[in-house]
Amino acid sequence: MAPRPCELFYDVVSPYSWLGFEVLCRYRNTWNINLRLRPSFIAGIMKDSGSLSAMRFLTAVNMERPELLEPVSRELWMRIWSRDEDITEAQSILAAATRAGLTPEQGQELLRKIDSPEVKERLKVTTDAACNYGAFGLPVVVAHVGGQPHMFFGSDRLELLSHLL
């Protein structure tokens with residue numbers, strides 16, 4: 001059977017998004033899912049966050065270097081939630097990007113794009129997509145099974161997702 005599409009809407013300011021991210025990355029083959037990472041801006045959903053630059057950066061990574069989206073996302077979570085380091089300043093984002101495998105030049109190029117209309121619009125479209133599924137916070141996982149989207153809010157709902165899959 002072909003892998004079933006599964007979208008993860010997340011923001012690195014959310015530790016619960018990190019839990020969901022790691023579980024879905026770990027079990028994507030076991031659950032036979034095609035995991036689609038969807039960086040979203042939690043403030044667009046909850047109206048209060050300090051991670052706009054980080055989420056725009058991840059959006060730029062997704063647009064230009066999607067193969068590095070997973071490690072860059074993970075490194076931003078490691079900075080904020082494991083090492084209590086900043087993820088809002090340019091140098092902090094660049095440090096995470098370099099540690100995740102981007103060259104300093106690639107990181108600088110992507111950082112320059114975070115204020116571009118294209119990156120801003122992509123992040124808005126992704127955040128709106130989460131809202132259209134009924135999101136009221138993050139993480140949100142949308143599994144597409146049997147031609148229907150099934151939304152799960154929170155990292156504590158992954159057992160239900162596993163049962164559905």
Side-chain angles (χ1 to χ4, degrees), residues 3 5-31 33-133 135 137-142 153-155 158:
C6 191
E7 301 172 84
L8 172 63
F9 295 88
Y10 68 95
D11 189 326
V12 294
V13 78
S14 165
Y16 300 105
S17 287
W18 187 16
L19 292 171
F21 172 88
E22 292 296 350
V23 169
L24 289 170
C25 288
R26 183 177 305 131
Y27 290 107
R28 75 177 109 203
N29 293 330
T30 302
W31 292 345
I33 59 173
N34 178 9
L35 181 59
R36 184 169 175 211
L37 300 176
R38 306 284 308 268
S40 306
F41 186 45
I42 198 169
I45 297 168
M46 297 182 69
K47 308 293 185 215
D48 186 26
S49 172
S51 69
L52 178 57
S53 294
M55 297 318 296
R56 283 185 181 168
F57 186 79
L58 287 176
T59 299
V61 170
N62 195 24
M63 292 169 71
E64 303 285 329
R65 300 293 305 271
E67 73 280 5
L68 292 174
L69 182 58
E70 184 177 326
V72 175
S73 297
R74 185 174 288 112
E75 185 54 37
L76 286 167
W77 268 308
M78 291 296 292
R79 285 186 66 82
I80 190 171
W81 297 111
S82 185
R83 297 189 303 265
D84 196 28
E85 296 173 344
D86 176 72
I87 64 163
T88 61
E89 299 295 325
Q91 291 307 325
S92 301
I93 293 170
L94 289 174
T98 301
R99 192 166 174 157
L102 286 162
T103 66
E105 296 77 21
Q106 291 168 329
Q108 285 284 355
E109 178 62 28
L110 290 170
L111 194 60
R112 280 192 286 277
K113 294 182 178 192
I114 69 172
D115 289 322
S116 73
E118 296 82 12
V119 168
K120 289 178 180 180
E121 181 61 19
R122 174 74 65 91
L123 182 57
K124 181 184 181 316
V125 165
T126 302
T127 302
D128 289 347
C131 290
N132 289 338
Y133 282 121
L138 294 175
V140 165
V141 177
V142 179
F153 167 71
S155 58
L158 296 176

Steps toward side chain to side chain contact (heavy atoms under 4.5 Å, CB included) verdict (Phe57, Val72): CA-CA 9 Å; Phe57 186 79; Val72 175; 4.0 Å; yes
Stepwise side chain to side chain contact (heavy atoms under 4.5 Å, CB included) check, Phe21 with Leu37: CA-CA 9 Å; Phe21 172 88; Leu37 300 176; 3.9 Å; yes
Steps toward side-chain hydrogen bond (donor to acceptor under 3.5 Å, both in side chains) verdict (Tyr10, Ser40): CA-CA 5 Å; Tyr10 68 95; Ser40 306; over 6 Å; no
Side chain to side chain contact (heavy atoms under 4.5 Å, CB included) assessment of Lys124 paired with Phe41: CA-CA 8 Å; Lys124 181 184 181 316; Phe41 186 45; over 6 Å; no
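In this structure, the side chains of Glu67 and Arg65 come closer than 4.5 Å at one or more pairs of heavy atoms. Here the side chains of Pro139 and Ser14 are in contact, with some heavy-atom distance below 4.5 Å. Glu70 has its side chain within reach of Cys25: a pair of non-hydrogen atoms, C-beta onward, lies under 4.5 Å apart. Side-chain contact between Leu123 and Met55 is present, with at least one heavy-atom pair separated by less than 4.5 Å. Using a 4.5 Å heavy-atom threshold, the side chains of Phe153 and Val141 count as separate. The side-chain heavy atoms of Glu22 and Arg74, taken from C-beta on, include a pair separated by under 4.5 Å.
The pair Glu118-Lys120 does not count as a salt bridge, with every side-chain nitrogen at least 4.0 angstrom from each carboxylate oxygen. A salt bridge does not link Asp84 with Arg79: none of the charged nitrogens is closer than 4.0 Å to a carboxylate oxygen.
The minimum heavy-atom distance linking Asp115 with Arg56 is given by the pair OD1-NH1, 3.1 Å. Here the closest heavy-atom approach between residue Ala96 and residue Glu75 is recorded as O-CG, 3.3 Å. Residues Ser155 and Gly20 come closest through the heavy atom pair CB-N, 3.7 Å. Taking each heavy atom of Ile87 and Ile93 in turn, the nearest pair found is O-CG1, 3.4 Å. Considering every non-hydrogen atom in both Val140 and Gly137, the closest pair reads CG2-O, 3.3 Å.
For the atom pair CG (Leu110) and OG1 (Thr59), the distance works out to 11.0 Å, reported to the nearest 0.5 Å. Taken to the nearest 0.5 Å, the CG atom of Leu76 stands 12.5 Å off from the CH2 atom of Trp81.
Residues satisfying the side chain to side chain donor-acceptor pair (under 3.5 Å) criterion with Arg112, sequence neighbours excluded, are Glu109.
Exactly one residue among Thr127, Val13, Leu52 makes a side chain to side chain contact (heavy atoms under 4.5 Å, CB included) with Ile42. That residue is Val13.
Judged purely by atom type and a 3.5 angstrom limit, Asn132 uses its side chain to pair as donor or acceptor with the backbone of Asp128. In this structure, Asp86 contributes its side chain and Glu89 its backbone to a donor-acceptor pair below 3.5 Å. Panel note: side chain Ser92, backbone Thr88; no donor-acceptor pair is recorded below 3.5 Å. Under a 3.5 Å cut-off, the side chain of Glu64 and the backbone N or O of Val61 do not form any donor-acceptor pair. Checking side-chain atoms of Ser116 against main-chain N and O of Val119 turns up a donor-acceptor pair under 3.5 Å. Of the possible donor and acceptor atoms, none in the side chain of Trp18 sits under 3.5 Å from a partner among the backbone N and O of Trp77.
Atom OH of Tyr27 has 12 or fewer heavy atoms from other residues, nucleotides or ligands within 6.0 Å.
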